[in-house]
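Inspection log for the structure reproduced underneath, given as structure tokens.
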Amino acid sequence: MYTKLDDARQAKFINNFMQSNPNCTMKDIIQRCVTNRTRLKQLEMQGYFKLPNPIPYGKRNGLYRKST
């Protein structure tokens, strides 16, 4: 169980990371901030930050092709 202070500290750390890396993905946040997806969703639901949008399926699997 996390306290409000724990939530605020972790949210501040994650916010700082997202501000310094504006194009970061969920994977980057999870790896660099040493947390998990469930914890991120919990903090987002509490209103500490807004997570980046997921990468489209084709783009993340290398199937994305730009039409020229």
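Note that the structure is predicted; figures quoted are calculated from it, not measured.
- Within the structure, salt bridge (Lys or Arg N to Asp or Glu O under 4.0 Å) contacts touching residues 21-37 (residues at least two apart or in different chains) do not occur.
- In this structure, the side-chain contact (heavy atoms from CB on, under 4.5 Å) partners of Lys12, at least two apart in sequence or on a different chain, are Asn16.
- Apart from Phe13 itself, the hydrophobic cluster it occupies contains nothing, where clustering links Ile, Leu, Val, Met, Phe, Trp and Tyr at side-chain heavy-atom distances under 4.5 Å.
- Applying the side-chain hydrogen bond (donor to acceptor under 3.5 Å, both in side chains) criterion to Gln42, with sequence neighbours excluded, gives Arg39.
- Not counting sequence neighbours, the partners of Thr3 by the side-chain contact (heavy atoms from CB on, under 4.5 Å) test are Leu5, Asp6.
- Summarising the hydrophobic clusters (Ile, Leu, Val, Met, Phe, Trp, Tyr; side-chain heavy atoms under 4.5 Å, direct or chained), the residues clustered with Ile30 are Ile14, Phe17, Met18, Met26, Ile29, Leu40, Leu43, Tyr48, Phe49, Leu51.
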